[in-house]
Colleague: 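Before anything else, here's the structure in question.
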Amino acid sequence: MKKLMILACSMVGLIGLVNAQSAYKKKAGNAPATNQPAPAPAAKQPAAARPNRGITQIGNAPAQAANANMNPAAAGNAAVGNVQVDTIPIEFDTTSRIQKPELSLRNPFATDRSQNRDRRPLEYEHLREDDNMWSEFIWREIDSREKINQSFNYPGADENGDRRFFSILINAIENDSIVAFQDDMFTRPFSSDKIRQQINGKLDTTDVTDIISGAIAKKSVSFKPLFAFDSVYTFRLKEQVLFDKEASRLFTRIIGIAPIAKFVVGGKSEPKALFWLYYPDLRRVFAKLDVYNPRNYASRMTWEELFESRYFSSYIVKTSANNPQNRDLLQIVNGDKLLRLYQGQDIKNRIFDFEQNLWQY
(Lines give C-alpha, C1' and ligand atoms only; values in the text may rest on other atoms or scores of the structure.)
Protein backbone atom coordinates (compact mmCIF):
# COMPACT_ATOMS: atom_id res chain seq x y z
CA MET A 1 0.00 0.00 0.00
CA LYS A 2 2.83 2.32 0.85
CA LYS A 3 4.52 1.58 -2.48
CA LEU A 4 1.30 2.40 -4.40
CA MET A 5 1.03 5.83 -2.72
CA ILE A 6 4.66 6.71 -3.59
CA LEU A 7 4.08 5.63 -7.21
CA ALA A 8 0.94 7.76 -7.45
CA CYS A 9 2.76 10.88 -6.14
CA SER A 10 5.57 10.33 -8.64
CA MET A 11 3.07 10.14 -11.52
CA VAL A 12 1.37 13.39 -10.45
CA GLY A 13 4.72 15.21 -10.26
CA LEU A 14 5.75 13.91 -13.70
CA ILE A 15 2.48 15.05 -15.30
CA GLY A 16 2.89 18.56 -13.75
CA LEU A 17 6.45 18.83 -15.09
CA VAL A 18 5.32 17.86 -18.62
CA ASN A 19 2.51 20.44 -18.59
CA ALA A 20 4.88 23.20 -17.40
CA GLN A 21 7.40 22.44 -20.16
CA SER A 22 4.68 22.41 -22.86
CA ALA A 23 3.32 25.76 -21.64
CA TYR A 24 6.80 27.29 -21.74
CA LYS A 25 7.36 26.06 -25.30
CA LYS A 26 4.00 27.53 -26.48
CA LYS A 27 4.92 31.00 -25.06
CA ALA A 28 8.36 31.10 -26.65
CA GLY A 29 7.49 29.26 -29.81
CA ASN A 30 7.29 32.40 -32.00
CA ALA A 31 10.92 33.38 -31.41
CA PRO A 32 13.20 31.59 -33.91
CA ALA A 33 16.17 29.87 -32.44
CA THR A 34 19.52 31.36 -33.48
CA ASN A 35 23.07 30.56 -32.62
CA GLN A 36 24.04 34.28 -32.40
CA PRO A 37 24.80 35.63 -28.96
CA ALA A 38 22.31 37.96 -27.37
CA PRO A 39 23.06 41.66 -28.03
CA ALA A 40 24.56 43.57 -25.18
CA PRO A 41 22.28 46.12 -23.51
CA ALA A 42 22.74 49.72 -24.76
CA ALA A 43 24.90 51.90 -22.61
CA LYS A 44 22.94 54.44 -20.63
CA GLN A 45 23.52 57.92 -21.97
CA PRO A 46 24.28 60.70 -19.54
CA ALA A 47 21.51 63.20 -18.92
CA ALA A 48 23.32 66.02 -20.74
CA ALA A 49 23.86 63.92 -23.92
CA ARG A 50 20.30 62.69 -24.42
CA PRO A 51 18.31 64.40 -27.18
CA ASN A 52 15.65 66.72 -25.75
CA ARG A 53 12.76 65.57 -27.92
CA GLY A 54 9.31 66.84 -27.11
CA ILE A 55 10.58 68.75 -24.07
CA THR A 56 9.84 72.41 -23.36
CA GLN A 57 12.45 73.99 -21.13
CA ILE A 58 11.23 76.82 -18.92
CA GLY A 59 13.76 77.89 -16.33
CA ASN A 60 15.22 74.70 -14.84
CA ALA A 61 12.05 72.59 -15.06
CA PRO A 62 11.68 70.38 -18.18
CA ALA A 63 8.15 69.82 -19.38
CA GLN A 64 7.00 67.02 -21.68
CA ALA A 65 5.30 68.31 -24.82
CA ALA A 66 1.65 67.71 -25.47
CA ASN A 67 0.63 64.31 -26.85
CA ALA A 68 -0.71 64.19 -30.40
CA ASN A 69 -3.85 62.42 -29.18
CA MET A 70 -4.80 65.30 -26.92
CA ASN A 71 -7.77 67.46 -27.89
CA PRO A 72 -7.11 70.87 -29.53
CA ALA A 73 -8.06 72.79 -26.42
CA ALA A 74 -5.38 71.03 -24.36
CA ALA A 75 -2.87 70.52 -27.18
CA GLY A 76 -0.85 73.56 -26.14
CA ASN A 77 -0.36 72.54 -22.52
CA ALA A 78 1.85 69.93 -20.88
CA ALA A 79 1.80 68.92 -17.22
CA VAL A 80 4.99 68.69 -15.18
CA GLY A 81 4.09 67.31 -11.78
CA ASN A 82 1.66 69.84 -10.41
CA VAL A 83 2.86 72.65 -12.75
CA GLN A 84 0.93 73.39 -15.94
CA VAL A 85 3.32 74.68 -18.63
CA ASP A 86 2.06 76.61 -21.65
CA THR A 87 3.76 75.52 -24.86
CA ILE A 88 1.80 77.75 -27.27
CA PRO A 89 4.34 79.65 -29.41
CA ILE A 90 4.79 83.29 -28.42
CA GLU A 91 5.59 85.98 -30.97
CA PHE A 92 7.28 89.09 -29.56
CA ASP A 93 6.76 92.40 -31.33
CA THR A 94 8.19 95.02 -29.00
CA THR A 95 9.18 97.62 -31.56
CA SER A 96 9.82 100.86 -29.69
CA ARG A 97 8.01 104.02 -30.74
CA ILE A 98 11.21 105.92 -29.96
CA GLN A 99 13.28 105.75 -33.12
CA LYS A 100 16.92 106.76 -33.25
CA PRO A 101 17.86 108.97 -36.24
CA GLU A 102 19.60 107.10 -39.03
CA LEU A 103 22.83 108.69 -40.24
CA SER A 104 23.27 109.08 -43.99
CA LEU A 105 26.26 107.25 -45.42
CA ARG A 106 26.50 109.87 -48.17
CA ASN A 107 25.77 113.59 -48.24
CA PRO A 108 22.08 113.82 -49.27
CA PHE A 109 22.44 117.53 -50.10
CA ALA A 110 24.15 119.35 -52.93
CA THR A 111 25.88 121.66 -50.46
CA ASP A 112 28.13 121.01 -47.48
CA ARG A 113 25.97 121.14 -44.36
CA SER A 114 28.53 119.83 -41.88
CA GLN A 115 28.71 123.23 -40.17
CA ASN A 116 25.10 122.89 -39.03
CA ARG A 117 26.16 120.40 -36.38
CA ASP A 118 28.56 122.95 -34.88
CA ARG A 119 26.06 125.77 -34.46
CA ARG A 120 25.59 127.18 -30.98
CA PRO A 121 22.93 129.51 -29.61
CA LEU A 122 23.76 133.10 -28.72
CA GLU A 123 24.29 133.73 -25.05
CA TYR A 124 21.49 135.45 -23.18
CA GLU A 125 21.96 138.97 -21.93
CA HIS A 126 22.71 138.90 -18.23
CA LEU A 127 19.80 140.12 -16.11
CA ARG A 128 20.51 141.20 -12.55
CA GLU A 129 17.94 140.50 -9.88
CA ASP A 130 18.32 144.07 -8.55
CA ASP A 131 17.36 145.49 -11.95
CA ASN A 132 14.18 143.41 -12.13
CA MET A 133 11.55 146.09 -11.64
CA TRP A 134 8.46 143.99 -12.45
CA SER A 135 7.89 140.30 -13.25
CA GLU A 136 5.08 137.87 -14.00
CA PHE A 137 4.94 134.19 -14.92
CA ILE A 138 2.85 133.16 -17.93
CA TRP A 139 1.80 129.68 -19.08
CA ARG A 140 0.74 129.49 -22.73
CA GLU A 141 -0.09 126.67 -25.13
CA ILE A 142 0.89 126.20 -28.78
CA ASP A 143 -1.69 124.38 -30.91
CA SER A 144 0.13 122.93 -33.93
CA ARG A 145 -3.17 122.55 -35.81
CA GLU A 146 -3.09 126.29 -36.50
CA LYS A 147 -1.70 127.23 -39.87
CA ILE A 148 1.24 129.23 -38.56
CA ASN A 149 2.23 126.31 -36.30
CA GLN A 150 2.07 123.53 -38.89
CA SER A 151 5.86 123.15 -38.83
CA PHE A 152 5.46 121.56 -35.38
CA ASN A 153 3.69 118.61 -37.00
CA TYR A 154 5.82 118.18 -40.13
CA PRO A 155 6.03 114.35 -40.52
CA GLY A 156 9.03 114.30 -42.86
CA ALA A 157 12.49 113.04 -41.99
CA ASP A 158 16.02 114.25 -42.70
CA GLU A 159 19.49 113.54 -41.32
CA ASN A 160 18.19 114.39 -37.84
CA GLY A 161 15.31 111.91 -37.96
CA ASP A 162 11.57 112.58 -37.58
CA ARG A 163 10.78 116.31 -37.86
CA ARG A 164 7.71 116.34 -35.65
CA PHE A 165 8.39 118.57 -32.67
CA PHE A 166 7.34 115.87 -30.23
CA SER A 167 9.86 113.49 -31.80
CA ILE A 168 12.54 116.18 -31.51
CA LEU A 169 11.89 116.41 -27.77
CA ILE A 170 12.03 112.63 -27.37
CA ASN A 171 15.29 112.39 -29.33
CA ALA A 172 16.75 115.16 -27.19
CA ILE A 173 16.06 113.07 -24.09
CA GLU A 174 17.34 109.83 -25.60
CA ASN A 175 20.37 111.04 -27.56
CA ASP A 176 21.37 114.44 -26.12
CA SER A 177 21.14 113.72 -22.38
CA ILE A 178 18.36 116.25 -21.75
CA VAL A 179 16.76 115.63 -18.37
CA ALA A 180 12.97 115.41 -18.19
CA PHE A 181 11.10 116.52 -15.07
CA GLN A 182 7.70 115.75 -13.61
CA ASP A 183 6.76 119.34 -12.74
CA ASP A 184 7.37 122.85 -14.05
CA MET A 185 9.53 123.66 -11.03
CA PHE A 186 12.06 121.04 -12.23
CA THR A 187 12.38 119.37 -8.83
CA ARG A 188 11.63 115.71 -9.66
CA PRO A 189 13.47 114.24 -12.66
CA PHE A 190 12.05 111.41 -14.75
CA SER A 191 14.12 108.27 -15.35
CA SER A 192 14.76 107.19 -18.95
CA ASP A 193 12.83 103.95 -18.35
CA LYS A 194 9.82 105.92 -17.15
CA ILE A 195 9.90 108.06 -20.28
CA ARG A 196 10.09 104.97 -22.52
CA GLN A 197 7.18 103.39 -20.65
CA GLN A 198 5.08 106.51 -21.14
CA ILE A 199 5.87 106.73 -24.85
CA ASN A 200 5.82 103.01 -25.76
CA GLY A 201 3.02 101.94 -23.41
CA LYS A 202 2.65 98.62 -21.61
CA LEU A 203 3.23 95.09 -22.90
CA ASP A 204 0.00 93.43 -23.98
CA THR A 205 -0.61 89.77 -24.94
CA THR A 206 -3.10 88.92 -27.68
CA ASP A 207 -4.29 85.40 -28.58
CA VAL A 208 -4.09 84.59 -32.30
CA THR A 209 -6.76 81.99 -33.25
CA ASP A 210 -6.29 79.47 -36.05
CA ILE A 211 -9.04 80.00 -38.65
CA ILE A 212 -9.36 76.28 -39.54
CA SER A 213 -9.17 74.51 -36.18
CA GLY A 214 -10.37 77.34 -33.97
CA ALA A 215 -7.58 76.66 -31.47
CA ILE A 216 -5.12 79.25 -30.22
CA ALA A 217 -2.25 79.15 -32.70
CA LYS A 218 0.10 81.61 -30.95
CA LYS A 219 0.24 84.51 -28.57
CA SER A 220 1.41 87.90 -29.78
CA VAL A 221 3.22 90.15 -27.27
CA SER A 222 3.49 93.81 -28.28
CA PHE A 223 3.44 97.30 -26.82
CA LYS A 224 -0.01 98.73 -26.15
CA PRO A 225 0.29 102.54 -26.45
CA LEU A 226 -1.29 104.67 -23.77
CA PHE A 227 -2.03 107.44 -26.26
CA ALA A 228 -1.86 108.05 -30.00
CA PHE A 229 1.48 109.47 -31.09
CA ASP A 230 -0.16 111.96 -33.45
CA SER A 231 -2.47 113.18 -30.69
CA VAL A 232 0.42 115.16 -29.19
CA TYR A 233 -0.12 118.42 -31.08
CA THR A 234 -0.25 120.83 -28.11
CA PHE A 235 2.83 122.12 -26.29
CA ARG A 236 2.80 124.17 -23.11
CA LEU A 237 5.35 126.89 -22.41
CA LYS A 238 6.27 128.41 -19.08
CA GLU A 239 7.61 131.94 -19.46
CA GLN A 240 8.72 134.78 -17.26
CA VAL A 241 7.97 138.31 -18.40
CA LEU A 242 10.07 140.94 -16.66
CA PHE A 243 11.03 144.57 -17.06
CA ASP A 244 14.71 145.33 -16.64
CA LYS A 245 15.26 148.93 -15.58
CA GLU A 246 18.95 148.88 -16.52
CA ALA A 247 18.13 148.03 -20.16
CA SER A 248 14.76 149.85 -19.99
CA ARG A 249 12.99 147.12 -21.89
CA LEU A 250 10.65 144.20 -21.41
CA PHE A 251 12.13 140.67 -21.61
CA THR A 252 10.27 137.42 -22.18
CA ARG A 253 12.26 134.31 -21.33
CA ILE A 254 11.00 130.77 -21.90
CA ILE A 255 11.65 128.60 -18.84
CA GLY A 256 10.21 125.20 -19.79
CA ILE A 257 8.38 123.20 -22.47
CA ALA A 258 5.94 120.33 -21.95
CA PRO A 259 4.13 118.18 -24.56
CA ILE A 260 0.44 117.63 -23.85
CA ALA A 261 -1.05 114.19 -24.60
CA LYS A 262 -4.65 113.10 -24.38
CA PHE A 263 -5.42 110.05 -22.24
CA VAL A 264 -8.78 108.29 -22.20
CA VAL A 265 -9.96 108.12 -18.60
CA GLY A 266 -13.42 106.71 -17.94
CA GLY A 267 -14.39 107.08 -21.60
CA LYS A 268 -13.42 110.77 -21.59
CA SER A 269 -10.32 112.30 -23.17
CA GLU A 270 -8.21 114.21 -20.64
CA PRO A 271 -5.14 116.32 -21.58
CA LYS A 272 -2.05 115.79 -19.47
CA ALA A 273 1.53 117.07 -19.56
CA LEU A 274 3.84 114.12 -20.20
CA PHE A 275 6.99 115.77 -18.83
CA TRP A 276 8.73 119.13 -18.55
CA LEU A 277 12.02 120.06 -20.21
CA TYR A 278 14.22 122.97 -19.14
CA TYR A 279 14.35 125.28 -22.14
CA PRO A 280 17.89 126.71 -21.56
CA ASP A 281 19.16 123.10 -21.82
CA LEU A 282 17.24 122.60 -25.07
CA ARG A 283 18.67 125.70 -26.78
CA ARG A 284 21.93 123.93 -27.74
CA VAL A 285 19.88 121.13 -29.33
CA PHE A 286 17.43 123.46 -31.10
CA ALA A 287 20.28 125.52 -32.56
CA LYS A 288 21.33 122.53 -34.71
CA LEU A 289 17.86 121.64 -36.01
CA ASP A 290 16.13 123.46 -38.85
CA VAL A 291 12.43 124.23 -38.98
CA TYR A 292 10.55 123.11 -42.08
CA ASN A 293 9.89 125.96 -44.52
CA PRO A 294 7.34 125.03 -47.21
CA ARG A 295 8.32 127.92 -49.48
CA ASN A 296 12.11 127.83 -49.54
CA TYR A 297 14.18 124.89 -48.31
CA ALA A 298 17.38 126.95 -48.33
CA SER A 299 15.89 129.65 -46.10
CA ARG A 300 15.10 127.80 -42.93
CA MET A 301 15.46 129.08 -39.39
CA THR A 302 16.42 126.89 -36.48
CA TRP A 303 14.06 125.92 -33.70
CA GLU A 304 16.04 128.12 -31.35
CA GLU A 305 15.50 131.12 -33.64
CA LEU A 306 11.80 130.30 -33.92
CA PHE A 307 11.26 130.45 -30.16
CA GLU A 308 13.51 133.46 -29.57
CA SER A 309 11.85 135.39 -32.42
CA ARG A 310 8.39 134.38 -31.15
CA TYR A 311 7.45 133.04 -34.58
CA PHE A 312 4.51 130.99 -33.33
CA SER A 313 0.92 131.45 -32.28
CA SER A 314 -0.25 130.66 -28.74
CA TYR A 315 -2.85 131.47 -26.13
CA ILE A 316 -2.46 132.03 -22.40
CA VAL A 317 -3.84 129.35 -20.08
CA LYS A 318 -2.46 130.49 -16.72
CA THR A 319 -0.84 133.47 -15.01
CA SER A 320 0.79 134.14 -11.67
CA ALA A 321 -0.82 137.60 -11.35
CA ASN A 322 -3.78 137.81 -9.01
CA ASN A 323 -3.91 134.02 -8.74
CA PRO A 324 -3.29 133.04 -5.09
CA GLN A 325 -4.89 129.61 -5.59
CA ASN A 326 -2.66 128.80 -8.60
CA ARG A 327 -5.58 127.91 -10.86
CA ASP A 328 -5.75 127.71 -14.64
CA LEU A 329 -7.87 130.19 -16.53
CA LEU A 330 -10.20 127.35 -17.50
CA GLN A 331 -10.91 126.74 -13.82
CA ILE A 332 -11.44 130.42 -13.16
CA VAL A 333 -14.03 130.81 -15.95
CA ASN A 334 -15.80 127.53 -15.07
CA GLY A 335 -14.74 125.56 -18.15
CA ASP A 336 -15.75 128.10 -20.79
CA LYS A 337 -12.98 127.84 -23.42
CA LEU A 338 -14.12 130.88 -25.38
CA LEU A 339 -14.09 133.00 -22.24
CA ARG A 340 -10.62 131.64 -21.48
CA LEU A 341 -9.37 133.04 -24.81
CA TYR A 342 -10.83 136.43 -23.92
CA GLN A 343 -9.17 136.34 -20.51
CA GLY A 344 -5.84 135.42 -22.09
CA GLN A 345 -6.14 138.31 -24.55
CA ASP A 346 -6.83 140.69 -21.66
CA ILE A 347 -3.60 139.51 -20.00
CA LYS A 348 -1.64 140.23 -23.22
CA ASN A 349 -3.14 143.72 -23.44
CA ARG A 350 -2.41 144.40 -19.79
CA ILE A 351 1.27 143.50 -20.21
CA PHE A 352 1.49 145.59 -23.39
CA ASP A 353 -0.11 148.60 -21.69
CA PHE A 354 2.24 148.25 -18.73
CA GLU A 355 5.29 148.57 -20.99
CA GLN A 356 3.83 151.46 -22.97
CA ASN A 357 2.91 153.41 -19.85
CA LEU A 358 6.56 153.41 -18.75
CA TRP A 359 7.40 155.80 -21.58
CA GLN A 360 6.50 159.46 -22.08
CA TYR A 361 5.80 160.88 -25.50
Colleague: Are any of the side-chain heavy atoms of D281 and F186 separated by less than 4.5 Å?
Modeller: no
Colleague: Which pair of non-hydrogen atoms, one from F286 and one from I168, has the smallest distance, and what is that distance?
Modeller: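 That would be CE2-CG2, 4.0 Å.
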Colleague: Take atom NZ in K245; do more than 12 heavy atoms of anything else shown fall under 6.0 Å from it?
Modeller: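 Not buried by this count: 12 neighbours or fewer within 6.0 Å.
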Colleague: Going by heavy atoms in the side chains, are L274 and I260 under 4.5 Å from each other?
Modeller: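 With C-beta onward as the side chain, the pair stays apart.
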Colleague: Using distance alone, with no hydrogens and no angle criterion, decide if K238 and Y278 have a side-chain donor and acceptor under 3.5 Å apart.
Modeller: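 K238 vs Y278: no donor-acceptor pair found between side chains.
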Colleague: So, E174 and R196, do they make that salt bridge, N to O below 4.0 Å?
Modeller: yes
Colleague: Between W303 and F152, is the gap from one ring center to the other below 6.0 Å?
Modeller: yes
Colleague: How far does CD1 of I142 sit from CD1 of I257, to the nearest 0.5 angstrom?
Modeller: 7.0 Å
Colleague: For R140, is there any backbone N or O sitting under 3.5 Å from a side-chain donor or acceptor partner on K318?
Modeller: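 No: the side chain of K318 does not pair with the backbone of R140.
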Colleague: Can you confirm whether R163 sits close enough to Y292 that some side-chain heavy atom of one is under 4.5 Å from a side-chain heavy atom of the other?
Modeller: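 Side-chain contact under 4.5 Å: no.
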Colleague: Pick from K348, R310, R253: which one makes a salt bridge (charged side-chain N to carboxylate O under 4.0 Å, His left out) with E239?
Modeller: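 Between E239 and the candidates, salt bridge (charged side-chain N to carboxylate O under 4.0 Å, His left out) is satisfied uniquely by R310.
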Colleague: Less than 6.0 Å separating the ring centroids of F190 and F275?
Modeller: no
Colleague: Any carboxylate oxygen within less than 4.0 angstrom of a Lys/Arg side-chain nitrogen, looking at E308 and R283?
Modeller: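 Here E308 pairs with R283 in a salt bridge, since their nearest N and O are under 4.0 Å apart.
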Colleague: Give me the atom names and distance for the closest heavy-atom approach of L329 to R340.
Modeller: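 Smallest interatomic distance, heavy atoms only, reads CB-CG, 3.7 Å.
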Colleague: Report yes or no: do W139 and D184 form a side-chain donor-acceptor pair below 3.5 Å?
Modeller: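 Distance-only check passes for W139 and D184.
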Colleague: Are the side chains of N296 and N293 in touch, meaning some heavy atoms are under 4.5 Å apart?
Modeller: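 Result yes, sub-4.5 Å side-chain heavy-atom pair found.
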Colleague: So which of D143, L237, I148 actually passes side-chain contact (heavy atoms from CB on, under 4.5 Å) with F312?
Modeller: L237
Colleague: A side-chain contact here means heavy atoms from C-beta on lying under 4.5 Å apart; do E136 and T319 qualify?
Modeller: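 A side-chain contact under 4.5 Å exists here.
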Colleague: Using a 6.0 Å distance limit plus a 45 degree cone around the ring axis, check whether R249 lies over the aromatic ring of F251.
Modeller: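 Yes - R249 lies over the ring of F251, closer than 6.0 Å to its centre and within 45° of its axis.
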Colleague: What's the spacing between N132 CG and W134 CH2 if we round to 0.5 Å?
Modeller: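 Spacing of CG (N132) from CH2 (W134) equals 9.5 Å.
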Colleague: Compare all side-chain heavy atoms of S144 with those of F165 and state whether any distance is below 4.5 angstrom.
Modeller: no
